[in-house]
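Working notes, beginning with the structure itself.
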There are 2 protein chains.
Amino acid sequence: MSVKARRRMTAQMDRAARVCARQGAQLTPLRRHVLGLILEVGAPLTAYQLLDRLKLTHKGAAPPTIYRALDFLMEQHLVHKIERLNAFVPCVEAGHRHPAQFLICCQCGVVSEIENRAAANALEHAAEQEGFRPRNTVVEIEGVCAACFRPS
Amino acid sequence: MSVKARRRMTAQMDRAARVCARQGAQLTPLRRHVLGLILEVGAPLTAYQLLDRLKLTHKGAAPPTIYRALDFLMEQHLVHKIERLNAFVPCVEAGHRHPAQFLICCQCGVVSEIENRAAANALEHAAEQEGFRPRNTVVEIEGVCAACFRPS
DNA sequence: CTTTCCAAGCAATATTATATCATACCGGCC
DNA sequence: GGCCGGTATGATATAATATTGCTTGGAAAG
Ligand SMILES: [Zn+2]
Ligand SMILES: [Zn+2]
Ligand SMILES: [Zn+2]
Ligand SMILES: [Zn+2]
């Protein structure tokens, strides 16, 4: 892991701590550790992949351990679940509830979160035209990322 | 099941038959039966719910039976999977590949598929801005439907 | 008739997620 | 100190979802 990446990770962790403090939520060592695993890998990880990593340092971790931590982190808007992959990624704009939009490359597996207001607005409009009140919007776009399309 | 609903179902089944014929795909009795189960219920059903129903008339059906049928039906664009629910619904515009957009009511559970070009275009645009080539776009909007919001 | 292909049967297993009950810890409070 | 209520975690079991591998049978192609 590069110095740069480590610095970014620390910044994200600090941010997470502030977010939780603001909400009166407890970012316990365990939850912090799980968030750390998600941040350091930088790729979508399934609950059981996280569990395996957690077990290395946290003997006795079991499925509920990881799922509870993930539930907490999702409630605090620190991580997202990618439904198509049953995998979890850090939120790029941690701490705010916002419509989730993901680009999922089916060649290299990279998932990137985008925040496109125009698209979010269009979707909200579409829902309202049906008399529907959106609460939680998820967009998952599978395709080929720029890097894979032009393997320069 | 009402007469009207039955007629609609027959029409959808006929359409499915035409779609498959056009593709040289075999809508076998088993696959047809599974599609029928999905059409007649009109609510999202999980694979195992479908399996239970299938077993009533098709002794010996097992998980692969239903998953294979569902895979086929999805390939033919006759049904969609709702990732958030691990459940399957008929496609309202059967037979065409198209961006999937769903409104999921968290109160009554109703899922309705919409086809909003503006939103689809906005999303495609958003992806292309990142140099991403979308292949398969899924939108799942959870919220409160008109009926539940105004329980007149 | 033989080969080929594909759907379906069948058994086992893998993966993902939750239920339940017990224990530990931390604060306020008497 | 001793108790109490709330929250986080430990521990075990089980539920729910999905896939793999191998076999069989029947129809279509050659
Ligand atoms: Zn986010
Ligand atoms: Zn890629
Ligand atoms: Zn559709
Ligand atoms: Zn509703």
Side-chain angles (χ1 to χ4, degrees), chain A residues 16-17 20-21 23-38 43-76 78-89 109 111 138 140, chain B residues 16-17 20-21 23-38 43-76 78-89 109 111 138 140:
Chain A
C20 290
Q23 302 294 315
Q26 302 184 49
L27 187 59
T28 63
L30 177 62
R31 291 163 173 175
R32 194 183 182 85
H33 189 152
V34 171
L35 178 56
L37 292 173
I38 293 174
L45 290 172
T46 69
Y48 278 75
Q49 286 169 340
L50 284 165
L51 179 55
D52 286 343
R53 286 163 182 264
L54 183 59
K55 278 178 178 165
L56 297 177
T57 58
H58 187 101
K59 136 115 184 137
T65 313
I66 200 75
Y67 279 104
R68 284 166 180 162
L70 288 169
D71 284 346
F72 172 85
L73 294 171
M74 286 193 291
E75 271 167 19
Q76 301 302 317
L78 298 172
V79 313
H80 293 288
K81 178 176 182 183
I82 311 294
E83 296 285 351
R84 289 174 86 75
L85 305 176
N86 294 319
F88 299 84
V89 294
V111 171
V138 174
E140 297 182 3
Chain B
C20 291
Q23 302 296 316
Q26 302 183 49
L27 187 60
T28 62
L30 177 62
R31 290 164 173 175
R32 192 181 182 88
H33 189 152
V34 172
L35 178 56
L37 292 174
I38 294 175
L45 290 172
T46 69
Y48 278 73
Q49 287 170 339
L50 284 165
L51 180 54
D52 286 344
R53 288 165 182 263
L54 183 59
K55 277 177 177 166
L56 297 177
T57 58
H58 187 100
K59 137 113 183 134
T65 313
I66 200 75
Y67 280 105
R68 290 202 272 239
L70 288 169
D71 285 345
F72 173 85
L73 295 171
M74 285 191 293
E75 272 168 20
Q76 301 303 315
L78 298 172
V79 313
H80 293 287
K81 179 177 183 182
I82 310 295
E83 295 286 350
R84 286 176 89 74
L85 307 176
N86 294 320
F88 299 83
V89 294
V111 171
V138 174
E140 296 181 5

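Just so it is clear: chains get the letters A, B, ... in the order the sequence lines come, proteins before strands, and each one is counted from 1.
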task = Using only side-chain N and O atoms of B/Asn86, determine if any of them is under 4.0 Å from OP1 or OP2 of D/dA18.
result = yes
ask   = Taking side chain as C-beta onward, heavy atoms only, is A/Met74 less than 4.5 Å from A/Phe88?
value = yes
List, one per line, each side-chain donor-acceptor pair under 3.5 Å for residues 48-59 of chain B, sequence neighbours excluded.
residue, atom, partner, partner atom, Å
B/Gln49, OE1, B/Thr46, N, 2.8
B/Thr57, OG1, B/His33, NE2, 3.4
B/Thr57, OG1, B/Leu54, O, 3.4

task = Have a look at B/Ala62 and say if it touches a base, only the backbone sugar-phosphate, or nothing, with a 4.0 Å heavy-atom cut-off.
result = nothing
Interatomic distance, B/Asp52 CG vs D/dA15 P [rounded to whole Å] = 14 Å
ask   = How long is the gap from CG on B/Leu78 to CD1 on B/Ile38, to the nearest 0.5 Å?
value = 9.0 Å
request  = Return the set of residues passing side-chain hydrogen bond (donor to acceptor under 3.5 Å, both in side chains) with A/Arg32 (not counting sequence neighbours), or none when no residue passes.
outcome  = none
key: side-chain contact (heavy atoms from CB on, under 4.5 Å) partners for B/Ala62, two or more places apart   = B/Pro64, B/Thr65
task = Anything under 4.0 Å to a heavy atom of chain B counts; send over the first and last such nucleotide of DNA chain C, read 5' to 3'.
result = C/dA7 to C/dA11
Euclidean distance, atom CZ of residue A/Arg84 to atom C1' of D/dA18 [Å, nearest integer] = 16 Å
message = Taking side-chain contact (heavy atoms from CB on, under 4.5 Å) as the definition, give me every residue that meets it alongside B/Ala43, ordered by chain and number, with sequence neighbours left out.
response = B/Val41
message = Both B/Thr46 and B/Pro64 contact DNA chain D. Taking the nearest nucleotide for each, which residue is further toward the 5' end?
response = B/Thr46
message = Counting primed atoms plus P, OP1 and OP2 as sugar-phosphate and everything else as base, spell out the protein contacts along nucleotides 25-30 of chain D at 4.0 Å heavy-atom distance: B, S or - for each nucleotide, 5' to 3'.
response = ------
remark   = Taken in chain and number order and not counting sequence neighbours, the residues that satisfy salt bridge (Lys or Arg N to Asp or Glu O under 4.0 Å) with A/Arg84 are A/Glu142
key: Check: B/Gln23 side chain, B/Gln76 main-chain N or O, donor-acceptor pair, under 3.5 Å   = no
task = For A/Lys59, report the nucleic acid contact type (base, sugar-phosphate, nothing); a contact means any heavy atom under 4.0 Å.
result = nothing
task = With rounding to the nearest 0.5 Å, note down the distance linking CZ in A/Arg68 to CD1 in A/Ile66.
result = 11.5 Å
message = Taking atom types as they are modelled, would you say the side chain of B/Tyr48 forms a donor-acceptor pair with the base of D/dA18 within the 3.5 Å cutoff?
response = yes
ask   = Between atom CZ in A/Arg31 and atom P in D/dG10, what is the gap in whole Å?
value = 11 Å
remark   = When rounded to the nearest 0.5 Å, the distance separating NZ of B/Lys81 from CG of B/Asp71 is 9.0 Å
remark   = Nearest heavy-atom contact between A/Leu45 and A/Leu37 is CD1-O, 4.1 Å
key: Nucleic acid contacts - residues 65-75 of chain B versus DNA chain D, non-hydrogen atoms under 4.0 Å   = B/Tyr67, B/Arg68
